Protein chains: 2
Amino acid sequence: MTVRIEEVASACQVSTATVSRALRGLPGVGEKTRQHVLKTAQDLGYTPSPTAASLASGHTHSIGLVQPDMSRWFFGKILESAERTFRKAGYDALVYSLPDYLGPVRERFNPDVIKGKVDAVVVLSLFFDPEEEAQLRALGIPVVFVSVQQPGFAYVGIDDEEAAARACRHLITLGHKRIGHLSGQTNDKCPVAPTQRRREGWCKTMERFHLESSEDLDEAVTIMTASNGYLATNRLLDRRPDITAILASSDEMAMGAIHAIRSRGLQPGRDISVMGIDGHDLGAAFDLSTMAQPVHQEGTAAARLALDAIAGRGSESETVVFPTTLVERSSAKSAHK
Amino acid sequence: MTVRIEEVASACQVSTATVSRALRGLPGVGEKTRQHVLKTAQDLGYTPSPTAASLASGHTHSIGLVQPDMSRWFFGKILESAERTFRKAGYDALVYSLPDYLGPVRERFNPDVIKGKVDAVVVLSLFFDPEEEAQLRALGIPVVFVSVQQPGFAYVGIDDEEAAARACRHLITLGHKRIGHLSGQTNDKCPVAPTQRRREGWCKTMERFHLESSEDLDEAVTIMTASNGYLATNRLLDRRPDITAILASSDEMAMGAIHAIRSRGLQPGRDISVMGIDGHDLGAAFDLSTMAQPVHQEGTAAARLALDAIAGRGSESETVVFPTTLVERSSAKSAHK
DNA sequence: CTGAAAGCGCTTACAG
DNA sequence: CTGAAAGCGCTTACAG
């Protein structure tokens, strides 16, 4: 704020150009000069004005992170991992919350708010309509989508259908035949939303094993929270008392399912099995079996993709799909009938 | 990126100064001129360069949010509420993660990384040493601390000691006499860390009722996670099988306690009562009784305090303390002996 | 109510 | 290897 490059320059008897080059480690500066500049800058407590540097260079050294709600586990996890990766590389993380569940249709994203503020954008769990997509493209900066794939853009995620299919197969292997499903709804037209693909995984797997996969066995909620999972499970069990297992589209919903089962005086795993998907940190405390996704790696990968794109490396629409892992705990056990 | 203020000005036959004033709603612009400028800017798709505006005005319209780990529930919650408040006011949120549990002493905060990038800073759950504090002050911008009070700075939080005391009294009222405590450790010397004050609340209350509050009844962990709460509870119960209730310094630890109790074949509430502090979203799924803090209000209040300080309103070291609420669920019930 | 012009503090061709 | 100078795109006194 107070000491500027000019002062460092005059103190060193060099031009501001040389100070600028020396400080940023650019070539074309004599070793002695560089050392002198570095020391002087240090002594004077000089910090370059990021705002002036941005204006002059055209680079902001900031990344925009657009997501629905950072207080939710998955988003917080991805954001944290991405932020650390960005910070190590010298980038700041600008977070934008764009709630997608406050109405039937979420608020549109206006890329103007980040125009000129970031060098790249990472979008979590949001699907953009053609207009938003066009505006985003018009920004002329790299964009990476996480969790929900946007055609033509870089993407990081898991194979949601396969994850659900494996969870479902696990329950079938344990001897379950009537397996209910807890799914989420998307307020926007988004066929690639994870919850839709997970539902597909359940549905197709059930069919493949000639088991029922009717709508009657599927209960959808608006937001996939534990409390909605609780309510949905009660509705499901009231309607279909013959169910012996439940596959939830997310661990948080699965936790709600476990809560509901317990509050009915039943025991998860023994009376009704439950499987989730995600690998939530609190899953262990619920003894929840799940298909875990490598959240930390996903966040880091998304950040790296953005960083690579800024550096001109990698393709514009690179896709990284991580494998999921079966985590067996006591919420899913053999069916005994 | 492409259309600049100059173009809008010449299209309107006015100076850039007038365009600037008109667009920002400043006084001193004729109504007709303003409308014309607004429309032209709109038609041309003009968006002011934030970076140029910052350099010229000295304001960044960004707020720095410094915290240990946004993937943890409490931080994510506060961040989300603060971000929305900032965004409504036209401010961007720059998030900085400064892990405080990766070693015996956390990494020092270097305010240089945010120098010139933000108009104010909100610090969550971090206590700064004299050097960090001095550097922070040197930034010359408003700073608001949340959760951990830093003398001389604005603060938003709850009365942690009182919250723990009330939780403890609740258990005593239910007839419990041997109440164990799960606490956290602070790696830095910080007597005002919430977990320390909560421990005080338990300790003093037990003493007041002439009940045991020895170290033997207190089990401390490094990070207050559910898994550490699980381990700590097992250690505590192995050592003191006479305990009938546990007060945890955080809901996440309480969840671990409930997990431990269940895995011992016991039933929370019936065999051993558990109380937490925080009001975690997943508390209901655990049937966890707790002293809830108004997290959303705290995040909003912290943001408002920062905004007010930027606007020159409010005192430099304003303090906002929110009340906590007893939430009774089935994890804490009457002792039957 | 409006404009000309300096200034914010850097970076970057362009010369040498 | 180093410097002079233009330029990044706004905002803000200062005049009128």
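Residue numbers begin at 1 in each chain, while the letters A, B, ... track the order of the sequences. It should be emphasised that the depicted structure is a prediction, and the values quoted were computed from it without experimental measurement.
Both tests do not hold together for A:Arg108 against A:Phe128: distance to the six-membered ring centre under 6.0 Å, angle to the ring axis within 45°.
Residues in residues 28-37 of chain B take part in no salt bridge (Lys or Arg N to Asp or Glu O under 4.0 Å) pair, two or more places apart or across chains. Annotation: salt bridge (Lys or Arg N to Asp or Glu O under 4.0 Å) contacts involving residues 5-29 of chain A, sequence neighbours excluded, comprise A:Arg4-A:Glu7. Sorted by first and then second residue, the salt bridge (Lys or Arg N to Asp or Glu O under 4.0 Å) pairs with a member in residues 63-76 of chain A read A:Arg72-A:Glu252; sequence neighbours excluded.
The closest side-chain donor-acceptor pair between B:Ser97 and A:Glu80 falls under 3.5 angstrom.
Mapping B:Val14 and B:Leu55 onto DNA chain C by nearest heavy atom places B:Val14 closer to the 5' end of the strand.
When base pairs are accepted only as Watson-Crick or G-U wobble with both N-N or N-O distances under 3.5 Å, DNA chain C takes part in stems of 3 or more pairs at C:1-3 with D:14-16, C:5-12 with D:5-12, C:14-16 with D:1-3.
Atom CD of B:Glu131 and atom CG of B:Leu136 lie 12.0 Å apart (nearest 0.5 Å). Put simply, CE on A:Met70 and CD1 on B:Ile78 are 11.0 Å apart, with the number rounded to the nearest 0.5 Å.
Annotation: ring pair (Phe, Tyr, Trp, His ring centres under 6.0 Å) contacts of B:Tyr96 (sequence neighbours excluded): none.
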Dump the pairs, protein N or O against N or O of nucleotides 12-16 of chain D, anything under 3.5 Å, distances to one decimal.
{"unit_1": "D:dT12", "atom_1": "OP2", "unit_2": "B:Arg24", "atom_2": "NH1", "d": "3.2"}
{"unit_1": "D:dT12", "atom_1": "OP2", "unit_2": "B:Arg24", "atom_2": "NH2", "d": "3.4"}
{"unit_1": "D:dA13", "atom_1": "N6", "unit_2": "B:Arg21", "atom_2": "NH2", "d": "3.0"}

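B:Ser15 has a side-chain polar atom (N or O) that falls below the 4.0 Å cut-off from OP1 or OP2 of C:dG3.
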